[in-house]
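In what follows, a single structure is set out as structure tokens and then discussed.
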Amino acid sequence: MSLLHRLAILWPLLLGAAASGASDVLDHGFAGTGVSVFTALGDQTRVFGSCPHPDGSASIVAHRDVPREWVIARIRADGTLDPSFSDDGYTTIPTSSPVLDWPVQAACTGMGNTDPNDDAMVVAADSKVSYVMAAHLLMLRFDLHQGVVAWSALHNINAMMMGYDPETGETDWNGLLIHGLFPGNNGDWLVMGAVTQGGSNQIGYLVRTNASGTVSAWNTFEPEQGTSFPAIHAARIVNEVEGFALARIQTAQGSNWGVLRFTEGNLGYAGLVAEGSAATANSSFFKGRFIGGIGFVVPLLAPNPQPAGPALPHLLVVRGSNVADVALPAPAPIGGVASGMQPALSATVAANGRVIVGGGLWAGSLPAAGYYTTMVKLGNGDTVADAIDTTYGQQGQAVFHFMPPAADNHCVGTDVPAQHFSNISSWGNVTLLVGNAAPNCYDEANNEFGSSSWVLAARIQSDTSIIFANGFD
């Protein structure tokens, strides 16, 4: 049993009294408040997502560098660690090389109540050597029931980059960012993101692997007619001929989002079919989901019409070449302080045409201060429009934050501990938001601000069942 196992316990939690709308959407049957916070050793443990299970339990996947290992936790429906899983709710799996803390993408493999959803696919950028730019694509399949790695594959991505010299094995492109992981066809997987040349010089890519992680096709999207593609955020193959992908695009006029068509066989570029405004940098991460038919949804940030106003959340509903851009509610003040969106958002799809979007918030001078959720009712792509569900929270949105007991938190005034959003995912009647939170506002022992080293899980109220469960990514 690892030291993490012996120390992993549920800590008390208080939600800030001014957590606007949280009481409307948090499920208080989960840990009594809707939120559970678990201790985790060190300040380098990062949670990447959760796989809710049909019985209301959930598995949480995280990674840390000290010691270097994957962490899988199983929590019960009441928000406590499941002692039947590896004695006390946690298991750890050693890794042999450094994995970048962010981003790591994952997807649950269960597709219905006959499948207990006990596997998860994970992709990570692996540097092989500490403090060296990641140049390897690591793929793993976790058996979440057993808490083990079912299989893994490690790919050197140099050959997938522009300017690759097969004789020397060298390329001008030296880094890898992972923005998405989606099912392909017949058990295949699509991995997407950006390869980098240092700084902001990036180019988007798509990689397809078979069910065991072997690469079968790849493409980097080189500039076309004055338009470059610095990152791919989501993609779906819609038939045996073509697929569609959401890209960040760059033109002489600035940065926008764009939906591009690609060929199914070699993932080649086949044209830009839609374009809209975006207000985020190459470092932004948006996690999408498939919806019924041939579509997918991706949340992102768009320019504020008010001069110098913060970027606002939007949801793109992509149905082939037809794209609906849904303006989401701006986040309410949190703890009495005006808030705005961090450049990381995720969507999950529930039944009855509902999409729940989650994200992280800044508030005042605090860069990571809480969590945001909103709900969108999907239309039919024709006569019924996609629209905000105004019955959710306060006019369609809710914000909340974690606040430990006053005697322990070292917080002053409106300060709150650092807390980062990672992901949101659904299964059946369970929607779980996960992230990291610091135990206090200031760590006096180390004379520094508290580090977000605790794993946080919040359960969002839902009375529907999932219609498409491709997990978290």
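Please read all numbers here as calculations on a predicted model, not as lab measurements. Quick note: residue numbers are just sequence positions, from 1.
No side-chain donor-acceptor contact under 3.5 Å links R248 to the backbone of A231. Judged purely by atom type and a 3.5 angstrom limit, N436 has no side-chain atom pairing as donor or acceptor with the backbone of R46. Looking at D143, its side chain never comes within 3.5 Å of a backbone N or O of V148 through a donor-acceptor pair. Within the 3.5 Å criterion, the main-chain N or O of L181 finds no donor-acceptor partner in the side chain of Q105. A donor-acceptor contact shorter than 3.5 Å is absent between the side chain of S426 and the backbone of T348.
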Inset, instruction - In sequence, state the C-alpha distance, the side-chain angles, and the governing distance for V25 and Q461, and then conclude on side-chain contact (heavy atoms from CB on, under 4.5 Å). - result: CA-CA 5 Å; V25 302; Q461 290 192 52; 5.5 Å; no

Inset, instruction - Give the intermediate values and the outcome of side-chain contact (heavy atoms from CB on, under 4.5 Å) for residues S321 and V259. - result: CA-CA 7 Å; S321 59; V259 174; over 6 Å; no

Inset, instruction - Could you please spell out the steps behind the side-chain contact (heavy atoms from CB on, under 4.5 Å) verdict for I237 and R208? - result: CA-CA 11 Å; I237 294 173; R208 182 174 60 217; 4.1 Å; yes

Legend entry - Working for side-chain contact (heavy atoms from CB on, under 4.5 Å), residues D415 and L366: CA-CA 8 Å; D415 287 352; L366 302 175; 4.0 Å; yes

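The aromatic rings of F142 and W70 lie perpendicular to each other, with more than 60° between the two planes, well past the 30° mark. Below 30°, between 30° and 60°, or above 60°: for F182 and F296 the angle between ring planes is between 30° and 60°, a tilted geometry.
Considering only heavy atoms from C-beta on, V122 stays 4.5 Å or farther from F48 through its side chain. Residues I232 and L260 meet the side-chain proximity criterion, which asks for heavy atoms closer than 4.5 Å. By the 4.5 Å heavy-atom criterion applied to side chains, P313 and T374 are not counted as neighbours. Contact annotation: the side chain of R459 never approaches that of S36 to less than 4.5 Å [non-hydrogen atoms, C-beta and beyond]. Contact check for T92 versus R64: side-chain heavy atoms found under the 4.5 Å cut-off. Residues L137 and I178 are in side-chain contact: their nearest non-hydrogen atoms beyond the backbone lie under 4.5 Å apart. Using a 4.5 Å heavy-atom cutoff, the side chains of T33 and L26 are not in contact. Residues V61 and L144 have side chains in contact (heavy-atom distance under 4.5 Å, counting atoms from C-beta outward).
Summarising the local packing, CG of N186 is surrounded by 12 or fewer heavy atoms from other residues, nucleotides or ligands at distances under 6.0 Å.
Minimum interatomic distance between A457 and F30 (heavy atoms only, all atoms of both residues): O-CE2, 3.5 Å. Across every non-hydrogen atom of A368 and H420, the tightest pair is CB-NE2, 3.6 Å. P94 and E69 get closest at one heavy-atom pair: CA-CB, 3.8 Å. In this structure, S425 and S50 approach most closely via the heavy-atom pair OG-O, 2.8 Å. In terms of heavy atoms, M341 sits closest to Y372 at CE-CD2, 3.6 Å.
Cation-pi geometry between R236 and F290 is met: the NZ or CZ atom falls under 6.0 Å from the ring centre, inside 45° of the normal.
Partners of D389 according to the salt bridge (charged side-chain N to carboxylate O under 4.0 Å, His left out) rule, which considers only residues two or more places apart in sequence or in another chain, are R354. Not counting sequence neighbours, the partners of T373 by the side-chain hydrogen bond (donor to acceptor under 3.5 Å, both in side chains) test are Y392. Every residue two or more places apart in sequence or in another chain that forms a ring-ring contact (aromatic ring centres under 6.0 Å, His included) with Y371 is listed here: F400.
Donor-acceptor pairing under 3.5 Å is recorded for the side chains of S59 and R74. Side chains of N440 and H410: a donor-acceptor N/O pair is absent below 3.5 angstrom, by distance only.
Here the straight-line distance linking atom CG of L177 with atom CD of Q202 works out to 5.5 Å at 0.5 Å rounding.
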